Protein chains: 2
Amino acid sequence: MEDRAGVGTAASGAEGPAPRRRRGASMADVARLAGVSSQTVSRVSNGSPGVIEETRTRVLAAMRELGYRPNSAARALKHGEFRTLGVILFNLSTTGNVRTLEAIADSAAREGYAITLMPVAVPTQTDVRGAFTRLGELAVDGIIVIMEVHLLDTSTISLPPHVQVVVVDSDAGDRYTVVDTDQRGGARAAVDHLLELGHRTVWHLAGPPDSFAAQRRTEAWLAALREAGRTVPPLLFGDWSAESGYKAGKLVPDDCTAVFAANDQMALGLLRALHERGRRVPQDISVVGFDDIPESASFIPPLTTVHQDFAEVGRRCVDGVLGQIRNQSAGPGTALVPTRLVRRSSTAPAPSAG
Amino acid sequence: MEDRAGVGTAASGAEGPAPRRRRGASMADVARLAGVSSQTVSRVSNGSPGVIEETRTRVLAAMRELGYRPNSAARALKHGEFRTLGVILFNLSTTGNVRTLEAIADSAAREGYAITLMPVAVPTQTDVRGAFTRLGELAVDGIIVIMEVHLLDTSTISLPPHVQVVVVDSDAGDRYTVVDTDQRGGARAAVDHLLELGHRTVWHLAGPPDSFAAQRRTEAWLAALREAGRTVPPLLFGDWSAESGYKAGKLVPDDCTAVFAANDQMALGLLRALHERGRRVPQDISVVGFDDIPESASFIPPLTTVHQDFAEVGRRCVDGVLGQIRNQSAGPGTALVPTRLVRRSSTAPAPSAG
DNA sequence: CGCAGGAATGTTTACGTAAACATGCGTCGC
DNA sequence: GCGACGCATGTTTACGTAAACATTCCTGCG
């Protein structure tokens, strides 16, 4: 009576209501039903050769009957890998983050990897460390951090060993692999474009100062103006929202003929403010955005903006972690994804200048 | 010589360059270093009682030295659960989906569950089934499907057994647990609000016809008009985008005094079109949106809209799956999350009427 | 002084899978 | 006709953890 009946799928007849196992059928169950060994089931399950057609059919039938599906925990334990990547991010409310996440998920899926999400509500040091720790204990082979604000630098976050990390949009290129859009190049292209159109100088509607992306775009704007020997107008700040762009739009002086906004949403608000003030775009004033969100082609007027290739960023992130996982290779360093200026109708030659 | 040396951490002296194990340290490694049994390490790791302070300290030190972190695959295998929920969704481009996902991730994290993302690029039957299969093999205890279009109904998608499913925004309430916003109630509140303001009838700018949410909002709009005995104007269709709302705004006839848009983005485009046409909102025409996205309070004029509580939806989804996982309970059925009308400045009494 | 009792720690085992090795049987070559 | 080979399948084992059970040792009481 001490046989393995209690482990069987069905009621074992004795000892009351049979503890009705909750876990799914295992290979052993399938093997028993098909009258083969569990190893043969394993071979069928993995498509390994060396199983005669008839046996395979019988095993497959048994699998179907029992609703067998492989236990990935056991598989992961055996293989030493989870085929899963963790993504830490701070919010899902900015276009860039969401699009990047989307691209990461797609790329990962294409490589046969799943994505485990680890959102961190408030980006405090403690929370980030907590997230890293939890992810470290989670079933992931690598981690991608979508880091928009200054954090990794300011403290010694201890990453779990044996887990590879790639960071998006950060300054930590000396310690981690960083994938980022070429913010500087994009911003520079935007400013140069406006200068070439004959504008004396270019105002800048910047994003929040603690954002890496905003910071780089601002730096590049400044550098471009300085190199061209132009006067540098005061900075305007927004918080990425259209509303903040609208507010900033009210502050732009009448003699300003060109504005470079750090993202398309703020540019949208800016356009609205200018419209309300009766300043025609692009005849009186030119506007360039950043991101090339889908809607920007439908703004009034269609927005000249800097296109970011989020899909490519996602792809490189995934390639980066997987590369590290597989070859042990690829130390710290920064990979830049190129941007390109998309010229639409919100920019034109300066009104009075040549 | 047949001892366990080969299993040890360091090189065993013979046979060349020692295969340098890549997996992290295991309990056995920690145990060896601390001079205790692996069971004691387990007890320390899980905070179980019955470990003297001195031993605990020594074990913790060994853990730190080896950079030990528990192997979640082994844990999952032992426990029979992964503490992970899978989320299937079709795109990350609509506000609602993203916000819901965010809420789900937060709720899940609070319950100690992680989220595994499974995006399905093109929502064809095949792809969905594929996603379900892959997720079935994945390390998840339950699945939440964010289903915006008609799919589950039209075929027999076979869900992996032993995995609980909750669906957001679907008609499949007879077969799955469905959590949804009270689309009908919200739409009805919007229409009633406009009728109470004395508008003869209300036009409707609907979302894409294959969207469940759009469909329900349209139905409720229709029902409300019919019950009030009003004439039913022709339907306008958009695709959720501001641009489509803008286009629809050009088609609204001059004698129309009230429009109910199926989401805030389309309402935004609508406002722009009306503005360009010189129709003042709300003096000449009232507009109501749906969703209450953050920006809607900053539209011109601030938009009266139907607030959706995405956080609550996410919470209920997680509660739903976890409930099913834990109690086996909760069969099919639909849970509605209430909506509420937020009155701002885009609605006013009808121009000529009462 | 000896033994009961309990606290601290160790040993065994099972979770489900799959690599490595073992077996058994049929067929082909000489 | 008999052994070697190879193919289909079975058996053993290990992956890392933790429950269940076993052992040791110390304390306190009779």
Side-chain angles (χ1 to χ4, degrees), chain A residues 2-4 6-9 19 21-32 34-59 62-63 66 68-83 137-139 162, chain B residues 2-9 19 21-32 34-59 62-63 66-83 137-139 162:
Chain A
E2 199 55 32
D3 66 9
R4 304 186 68 225
V7 177
T9 306
R21 67 186 292 169
R22 299 174 59 255
R23 347 243 295 192
S26 73
M27 279 192 171
D29 299 322
V30 176
R32 212 168 302 133
V36 297
S37 77
S38 62
Q39 183 56 50
T40 299
V41 178
S42 168
R43 280 190 266 258
V44 171
S45 175
N46 296 337
S48 307
V51 180
I52 207 171
E53 191 49 39
E54 189 220 313
T55 310
R56 175 181 305 274
T57 312
R58 210 171 30 177
V59 170
M63 281 181 175
L66 295 178
Y68 168 80
R69 66 196 177 96
N71 179 316
S72 44
R75 234 172 220 188
L77 178 57
K78 198 85 181 66
H79 287 52
E81 62 168 24
F82 303 94
R83 299 197 72 76
E137 289 171 7
L138 266 180
H162 300 280
Chain B
E2 201 53 35
D3 66 8
R4 305 188 67 224
V7 178
T9 306
R21 66 188 295 172
R22 299 174 58 256
R23 344 245 297 194
S26 73
M27 279 191 171
D29 299 321
V30 176
R32 211 168 302 131
V36 298
S37 79
S38 63
Q39 182 54 51
T40 298
V41 178
S42 168
R43 280 190 266 257
V44 171
S45 176
N46 297 336
S48 307
V51 181
I52 207 169
E53 191 48 38
E54 189 220 316
T55 311
R56 174 181 304 274
T57 311
R58 210 167 31 171
V59 170
M63 282 181 174
L66 295 178
Y68 168 79
R69 68 198 176 94
N71 180 317
S72 45
R75 239 176 215 188
L77 178 57
K78 197 86 181 63
H79 289 31
E81 62 167 24
F82 303 93
R83 299 197 73 77
E137 290 172 6
L138 266 180
H162 301 278

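Quick note on labels: first sequence line is chain A, next is B, and so on, each numbered from 1. Every value quoted in this text rests on a predicted model; they were computed, and no experiment measured them.
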**Message:** Nearest to the side chain of A:Lys78, heavy atoms from C-beta on, is which of D:dC15, D:dT9, C:dG10?
**Reply:** D:dC15

**Asked** When rounded to the nearest 0.5 angstrom, what is the spacing between CZ in A:Arg32 and OG in A:Ser26?
**Response** 6.5 Å

**Item:** Atom pair distance, as rounded to whole Å: CG in B:Asp29 and C1' in D:dG16
**Value:** 10 Å

**Message:** Both A:Met27 and A:Arg43 contact DNA chain C. Which one's nearest nucleotide lies toward the 5' end?
**Reply:** A:Met27

**Request:** Choose from C:dT17, D:dG16, D:dG10 the nucleotide whose nearest atom is closest to any side-chain atom of A:Tyr68.
**Result:** C:dT17

**Request:** May I ask you to evaluate whether A:Ser45 reaches the phosphate of C:dT17, defined as a side-chain N or O under 4.0 Å from OP1 or OP2?
**Result:** no

**Length of the line joining A:Arg58:CZ and D:dT9:C1', which is rounded to integer Å** = 11 Å

**Message:** It should be established whether B:Thr40 places a side-chain nitrogen or oxygen under 4.0 Å from OP1 or OP2 of nucleotide C:dG10.
**Reply:** yes

**Item:** Length of the CD1-P vector between A:Ile52 and D:dG10, whole Å
**Value:** 12 Å

**Request:** Take atom CG of A:Leu77 and atom C1' of D:dA18, then tell me their distance rounded to the nearest Å.
**Result:** 13 Å

**Message:** Under a 3.5 Å distance rule, please check whether B:Asn46 uses its side chain to pair with a backbone N or O of B:Ser48 as donor and acceptor.
**Reply:** no

**Request:** Specify the separation, in whole Å, of atom CD of A:Glu54 and atom C1' of D:dT9.
**Result:** 13 Å

**Which nucleotide in D:dA18, C:dG10, D:dC15 has an atom nearest any side-chain atom of B:Arg75** = D:dA18

**Asked** Of the candidate nucleotides D:dT9, C:dA18, C:dG16, which contains the atom at the shortest distance from the side chain of A:Ser42?
**Response** C:dA18

**Nearest-angstrom distance from the residue atom NE2 of B:His79 to C1' of C:dA14** = 14 Å

**Asked** Checking all strands, does B:Val51 fall into the base, sugar-phosphate, or nothing category for heavy-atom contacts under 4.0 angstrom?
**Response** sugar-phosphate

**Request:** Nearest 0.5 Å please: distance from the CZ atom of B:Arg43 over to the OG atom of B:Ser37.
**Result:** 6.0 Å

**Request:** Return no unless some side-chain N or O of A:Asn46 is found under 4.0 Å from OP1 or OP2 of C:dA18.
**Result:** yes

**Whichever of B:Ser37 and A:Ser48 has its nearest DNA chain C nucleotide further upstream toward 5'** = B:Ser37

**Request:** Under 4.0 Å between any heavy atoms, over every strand shown, what does A:Ser38 touch: base, sugar-phosphate, or nothing? Just pick one.
**Result:** nothing

**Prompt:** For B:Arg75 and B:Ser45, does a side-chain donor sit closer than 3.5 Å to a side-chain acceptor?
**Reply:** yes

**Prompt:** Between D:dG16, D:dA18, C:dA19, which one does the side chain of B:Gln39 approach most closely?
**Reply:** D:dA18

**Message:** Could you tell me how far apart A:Leu66 (CG) and C:dG16 (C1') are, to the nearest whole angstrom?
**Reply:** 15 Å

**Item:** Length of the line joining B:Phe82:CZ and C:dG16:C1', which is rounded to integer Å
**Value:** 10 Å

**Item:** Backbone N/O of A:Ser38 and side chain of A:Ser42: donor-acceptor pair under 3.5 Å
**Value:** no

